[in-house]
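What follows is a short report on a single structure.
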Amino acid sequence: ISILNLLVYYYIALRAYQMCFVVIAASAITIVLMALSHASLRAVVYTLIWGSVIMLGLFAAWNVWAKMALRRTYAKATGQ
């Protein structure tokens, strides 16, 4: 979880504010998972782990999408 926080703060420092949408989506998913499964301490811990894994996946997808968009923009600008 702290590595994810580090990544979020890094991208916010770079002023890549689109990352906030990833954080909001992952937080909402974690809250829903927590509401559905909170019967024991083990369930809560697993829910937080799954929330972190989902956030990491969303972060990776966003990062790939951003790089592809940047390549398309560069290709249009250079006429390639």
Side-chain angles (χ1 to χ4, degrees):
I1 294 174
S2 34
I3 292 174
L4 290 174
N5 287 336
L6 180 67
L7 287 173
V8 169
Y9 286 127
Y10 173 74
Y11 278 97
I12 288 175
L14 290 177
R15 297 180 189 254
Y17 296 118
Q18 301 89 356
M19 182 65 177
C20 293
F21 295 116
V22 172
V23 172
I24 291 169
S27 298
I29 291 170
T30 303
I31 289 169
V32 168
L33 288 175
M34 189 75 69
L36 295 174
S37 176
H38 61 275
S40 67
L41 181 59
R42 179 176 291 204
V44 170
V45 170
Y46 284 153
T47 298
L48 290 174
I49 290 171
W50 275 111
S52 296
V53 169
I54 290 169
M55 183 174 175
L56 190 59
L58 288 174
F59 170 74
W62 172 78
N63 203 6
V64 168
W65 175 81
K67 289 190 186 300
M68 289 176 62
L70 185 63
R71 284 185 184 178
R72 282 191 300 266
T73 304
Y74 178 74
K76 281 184 182 179
T78 60
Q80 295 178 355

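A quick note: this is a predicted structure, and the numbers were derived from the prediction, not measured. Atoms considered below: every heavy atom in the structure, side chains included; atoms not considered: hydrogens, waters and symmetry mates. If you read the sequence from its start, that first residue is 1, and numbering goes on from there.
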Ile3 and Tyr9: same hydrophobic cluster, using ILVMFWY side-chain contacts below 4.5 Å? no
Should we count CH2 of Trp62 as having more than 12 external heavy atoms under 6.0 Å? yes
Quick check on the hydrophobic clustering: are Val45 and Leu36 connected, directly or via other members, by side-chain heavy-atom contacts under 4.5 Å? no
Side-chain heavy atoms nearer than 4.5 Å, only ILVMFWY residues, links allowed to pass through others: does that put Trp65 and Tyr17 together? yes
Are Tyr11 and Gln18 close enough that some pair of their side-chain heavy atoms sits under 4.5 Å apart? no
Just verifying a value: how many Å separate Ile49 CD1 and Leu33 CG, rounded to the nearest 0.5 Å? 12.5 Å
For Leu58 and Ala25 the tightest heavy-atom approach is CD1-CB, 4.2 Å
Test of understanding: clusters of I, L, V, M, F, W, Y form through side-chain heavy atoms closer than 4.5 Å, transitively. Do Ile24 and Val22 belong to the same one? no
Nearest-0.5 Å distance that lies between atom CZ in Phe59 and atom CG in Leu4: 8.5 Å
Are the side chains of Leu14 and Tyr10 in contact, using a 4.5 Å heavy-atom criterion? yes
State, to 0.1 Å, how close Thr30 and Thr47 come at their nearest heavy-atom pair, and which atoms those are. O-CG2, 4.0 Å
Locate the shortest heavy-atom distance separating Val23 from Met55; write the atom from each residue and the value. CG2-CE, 3.6 Å
State yes or no: do Leu56 and Val32 share one hydrophobic cluster built from I, L, V, M, F, W and Y residues joined by side-chain heavy-atom distances below 4.5 Å, directly or via other members? no
